[in-house]
Number of protein chains: 2
Amino acid sequence: MDTVVLAGYLAGTLTTISFVPQVIRTWKLKEAKDFSLAMLLLFAAGMILWTAYGIWIISLPIIAANTITLGLVMILLWMKIKYQ
Amino acid sequence: MDTVVLAGYLAGTLTTISFVPQVIRTWKLKEAKDFSLAMLLLFAAGMILWTAYGIWIISLPIIAANTITLGLVMILLWMKIKYQ
């Protein structure tokens, strides 16, 4: 694997795993009122498009990172709706 | 501009503008306790690396989207620290 792809994977890993402490915190607090619903919806829509873009330009880091992030954002979105 | 680049820009626009309603909401509520500090720090670090990756693979949508998003995330990070 070359350096560029590795940097892409590292970038993807960071932005993706960043949602893990967030999901844990929201789960523990049972509260997500500080989150903007518009933000979560727009972000999820963006993740779907980023994945499509990644498939188009054949960038595995983009595909992998955005698919997993989408899953975590969907969990946050579900908690935002559930806890309000 | 071809369709692929356009899709990339649209994806970038969505994920980037998603932070605008969030910054407005946090600014109005003067509260960001539901946010995980680890999330914001990891996400910001990821944005820096994504920008580097975008420069490497010469993808303008990735460079533009991540630079602006980084700015908005830094504002959120500042409010998270300020309001706690």
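Just so it is clear: chains get the letters A, B, ... in the order the sequence lines come, proteins before strands, and each one is counted from 1.
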(request) Using non-hydrogen atoms and a 4.5 Å limit, figure out which bit of A:Lys80 sits close to chain B: side chain, backbone, both or neither. (result) side chain

(request) Over all heavy atoms of both residues, which pair between B:Gly46 and A:Leu14 is shortest? Give the atoms and the distance, please. (result) CA-CB, 3.7 Å

(message) Test of understanding: clusters of I, L, V, M, F, W, Y form through side-chain heavy atoms closer than 4.5 Å, transitively. Do A:Ile48 and A:Ile63 belong to the same one?
(response) no

(message) Quick check on the hydrophobic clustering: are B:Leu49 and B:Leu41 connected, directly or via other members, by side-chain heavy-atom contacts under 4.5 Å?
(response) no

(message) Any heavy-atom pair between the side chains of A:Met39 and B:Arg25 that's under 4.5 Å?
(response) no

(message) Rounded to the nearest 0.5 Å, what separates atom CG in A:Asp34 from atom OH in B:Tyr83?
(response) 11.5 Å

(request) Could you tell me which portion of A:Ala44 (side chain, backbone, both or neither) has an atom closer than 4.5 angstrom to a non-hydrogen atom of chain B? (result) neither

(message) Between B:Phe35, B:Trp56, B:Phe19, who has the most heavy-atom pairs with chain A when the cutoff is under 4.5 Å?
(response) B:Phe35

(request) Count the heavy atoms of every other residue, nucleotide or ligand shown that sit under 6.0 Å from NZ of B:Lys28, and state whether that count exceeds 12. (result) no

(message) With a 4.5 angstrom heavy-atom cut-off, is it the side chain or the backbone of B:Leu29 that approaches chain A, or both, or neither?
(response) side chain

(message) Can you tell me how far apart CH2 (B:Trp50) and CG (A:Leu10) are? Round to the nearest 0.5 Å.
(response) 10.0 Å

(request) Give, for atom CG of A:Leu42 and atom OG1 of B:Thr15, the distance between the pair rounded to the nearest 0.5 Å. (result) 9.5 Å

(request) Look at the side-chain heavy atoms of Ile, Leu, Val, Met, Phe, Trp and Tyr, link any pair under 4.5 Å apart, and say whether A:Leu77 and A:Val20 land in one connected group. (result) yes

(request) May I ask you to test the A:Ile62-B:Ile62 pair for a side-chain heavy-atom distance under 4.5 Å? (result) yes

(request) Supply the atom-to-atom distance B:Met47 CE to A:Ser18 OG, rounded to the nearest 0.5 angstrom. (result) 7.5 Å

(message) With chain B as the partner, which of A:Ala11, A:Ala65, A:Gly54 has the greatest number of non-hydrogen pairs under 4.5 Å?
(response) A:Ala11

(message) Are B:Ile17 and B:Ile75 linked, directly or through intermediate hydrophobic residues, by side-chain heavy-atom contacts shorter than 4.5 Å (ILVMFWY only)?
(response) no

(message) Does any backbone or side-chain atom of A:Ala45 lie under 4.5 Å from a heavy atom of chain B? Answer side chain, backbone, both or neither.
(response) both

(message) Return the OG1 to CZ distance between B:Thr16 and A:Phe43, rounded to the nearest 0.5 Å.
(response) 9.0 Å

(message) Just verifying a value: how many Å separate B:Thr3 OG1 and A:Tyr53 OH, rounded to the nearest 0.5 Å?
(response) 12.5 Å

(message) Using the rule that Ile, Leu, Val, Met, Phe, Trp and Tyr join whenever any side-chain heavy atoms are under 4.5 Å apart, tell me whether B:Leu60 and B:Leu70 fall into a single cluster.
(response) no

(message) Are the side chains of B:Ile57 and A:Val4 in contact, using a 4.5 Å heavy-atom criterion?
(response) yes

